[in-house]
Protein chains: 2
Amino acid sequence: MVELQSLQMNSVFHALGDATRRRMLRDLAGGERTVGQLAEPFAISLAAASKHIKALESAGLIRREVRGRTHVCRLDPGPLASAHEWLNFYERFWTNRLDALDRLLREEDARQSPKSKKGDDK
Amino acid sequence: MVELQSLQMNSVFHALGDATRRRMLRDLAGGERTVGQLAEPFAISLAAASKHIKALESAGLIRREVRGRTHVCRLDPGPLASAHEWLNFYERFWTNRLDALDRLLREEDARQSPKSKKGDDK
DNA sequence: CCTATATTCAACCACATGGTTGAATTACAG
DNA sequence: CTGTAATTCAACCATGTGGTTGAATATAGG
């Protein structure tokens, strides 16, 4: 199971926290798209779109292949699946209401930064 | 099925994009927690923790009950389940690689802001 | 070569975020 | 009442984010 560390979780969820980027992902679900194609639906500059794409890329949500002068992007399944797994944990909690999950929580804790003060991953 | 609008999606994913808040959610999965209890694991001020909790609250991820002078927080299943559903859509795409999902995508589009320029939901 | 196309880079700006501290609020306990 | 405990509020600060514009960097095509 692909588990993201705290840092990657941050960037993945941050990337998803913007409607423009979610829309880009949605378009990419239809197949490969160039930077220009991804930018087209929005009333923003290409430079701005480029930044969004970089955010998606550095979160690992998409990958880029430079073909000549165009950059072709496509979805990368890994990280989103991990975010999904993360949420899945909580969904299990909610649907089952099992307090025995408390142990699982502590395991997840041990896997990550041992003393998770704010700023440890900055 | 509980579907979030773009604005709520933003706040939910934004709330999840911070390790401190994710940790708070995790603690809340163990049961009710007061503000002070939620703040305890972190080396931040109570005021800072209070802001984080407000972020979780306004994203609808937790609810607060004021009992005397203490504020008791608990998880609210709804929004996270919706975020989960959202990711689930993409997971289906990745695992199945069905381009027929394109139609579903357009439906989701119709449900949201029709001309989704950046800034529509600011 | 020259020129147009696709994309990024760099500098800048307004505003949001996450943190601080100190004062204000509210409620419980003598 | 008064003091203390739990929490928020307000003002402030540094940094990050999302946007802009104009120049730079390829690359493709006459």
Side-chain angles (χ1 to χ4, degrees), chain A residues 6-7 9-25 27-28 32-59 61-74 116-122, chain B residues 6-7 9-25 27-28 32-59 61-74 116-122:
Chain A
S6 202
L7 278 163
M9 294 276 281
N10 288 353
S11 58
V12 168
F13 281 124
H14 172 257
L16 296 179
D18 183 288
T20 303
R21 291 190 286 264
R22 285 198 304 276
R23 167 70 186 269
M24 286 178 166
L25 287 179
D27 289 349
L28 284 167
E32 292 181 346
R33 295 286 187 274
T34 70
V35 170
Q37 287 172 332
L38 285 173
E40 191 275 329
F42 306 103
I44 60 176
S45 69
L46 250 138
S50 176
K51 286 188 192 175
H52 280 298
I53 292 168
K54 238 184 303 178
L56 291 168
E57 196 181 11
S58 70
L61 294 172
I62 69 177
R63 297 207 298 187
R64 177 193 309 239
E65 183 191 346
V66 182
R67 282 185 205 158
R69 64 184 159 179
T70 71
H71 297 203
V72 177
C73 305
R74 73 180 65 166
S116 63
K117 286 182 193 171
K118 180 69 190 179
D120 274 356
D121 42 6
K122 256 194 186 167
Chain B
S6 200
L7 278 162
M9 293 276 282
N10 288 354
S11 58
V12 168
F13 281 123
H14 172 257
L16 296 178
D18 183 288
T20 302
R21 291 190 287 263
R22 285 197 304 275
R23 166 68 186 270
M24 285 177 166
L25 287 179
D27 289 349
L28 284 167
E32 292 182 345
R33 295 286 187 274
T34 71
V35 170
Q37 288 172 331
L38 285 173
E40 191 275 328
F42 306 102
I44 61 176
S45 69
L46 250 137
S50 176
K51 285 188 193 176
H52 281 299
I53 293 168
K54 238 183 303 179
L56 291 168
E57 195 180 13
S58 69
L61 293 171
I62 70 177
R63 297 207 299 185
R64 176 193 310 240
E65 183 191 343
V66 182
R67 283 187 204 156
R69 64 184 159 177
T70 71
H71 296 201
V72 177
C73 305
R74 72 180 63 167
S116 64
K117 286 182 196 171
K118 179 69 193 181
D120 274 356
D121 42 6
K122 256 195 184 168

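Because the structure is predicted, anything quoted here is derived from the model rather than measured. In what follows, chains are A, B, ... by sequence order, proteins preceding strands, each numbered from 1.
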Novice: According to a strict under-4.0 Å criterion, is A:K54 in side-chain N/O contact with OP1 or OP2 of C:dC9?
Specialist: yes
Novice: Measure from the side-chain N and O atoms of A:S58 to the backbone N and O of A:K54, and report whether any donor-acceptor pair falls under 3.5 Å.
Specialist: yes
Novice: Checking A:R69 now: which residues fulfil salt bridge (charged side-chain N to carboxylate O under 4.0 Å, His left out) with it, not counting sequence neighbours?
Specialist: none
Novice: I'd like to compare against my own output: the B/S/- annotation of nucleotides 20-30 of chain D with a strict under-4.0 Å heavy-atom distance to protein.
Specialist: BB-----BS--
Novice: Just to verify, what does A:E32 make a salt bridge (charged side-chain N to carboxylate O under 4.0 Å, His left out) with, not counting sequence neighbours?
Specialist: A:R67, A:R74
Novice: How would you list, by chain and number, every residue that makes a side-chain contact (heavy atoms from CB on, under 4.5 Å) with A:A55, sequence neighbours excluded?
Specialist: A:R21
Novice: Checking B:H14 now: which residues fulfil side-chain hydrogen bond (donor to acceptor under 3.5 Å, both in side chains) with it, not counting sequence neighbours?
Specialist: none
Novice: Return the value, rounded to whole Å, for the distance between atom CG of A:N10 and atom C1' of D:dT17.
Specialist: 15 Å
Novice: Measure CZ/A:R22 against P/D:dG18 and give the value in whole Å, please.
Specialist: 12 Å
Novice: What is the separation between atom NE2 on B:H71 and atom P on D:dA5, rounded to the nearest whole Å?
Specialist: 17 Å
Novice: With a 4.0 Å cut-off on N to O distance, would you call A:D27 and A:R23 a salt bridge?
Specialist: yes
Novice: Tell me whether the OP1 or OP2 atom of D:dT17 has a side-chain N or O from B:H14 closer than 4.0 Å.
Specialist: no
Novice: Would you mind reading off the distance between A:L56 atom CG and D:dG18 atom C1', rounded to a whole angstrom?
Specialist: 14 Å
Novice: Whole angstrom is fine here: how far is it from CD in A:Q37 over to P in C:dA6?
Specialist: 10 Å
Novice: Map A:R21 and B:T34 onto DNA chain D by nearest heavy atom, then report which one ends up closer to the 5' terminus.
Specialist: B:T34
Novice: Mind calculating the distance between CE (A:M24) and P (D:dG18) to the nearest angstrom?
Specialist: 11 Å
Novice: When the distance from CD1 of B:I53 to C1' of D:dA6 is rounded to whole Å, what number comes out?
Specialist: 11 Å
Novice: Without decimals, in angstroms, what is the distance between A:E65 CD and C:dA6 P?
Specialist: 17 Å
Novice: Identify, with sequence neighbours excluded, every residue that meets side-chain contact (heavy atoms from CB on, under 4.5 Å) alongside A:A48.
Specialist: A:I44, A:S45
Novice: Both B:V72 and A:G17 contact DNA chain D. Which one's nearest nucleotide lies toward the 5' end?
Specialist: B:V72
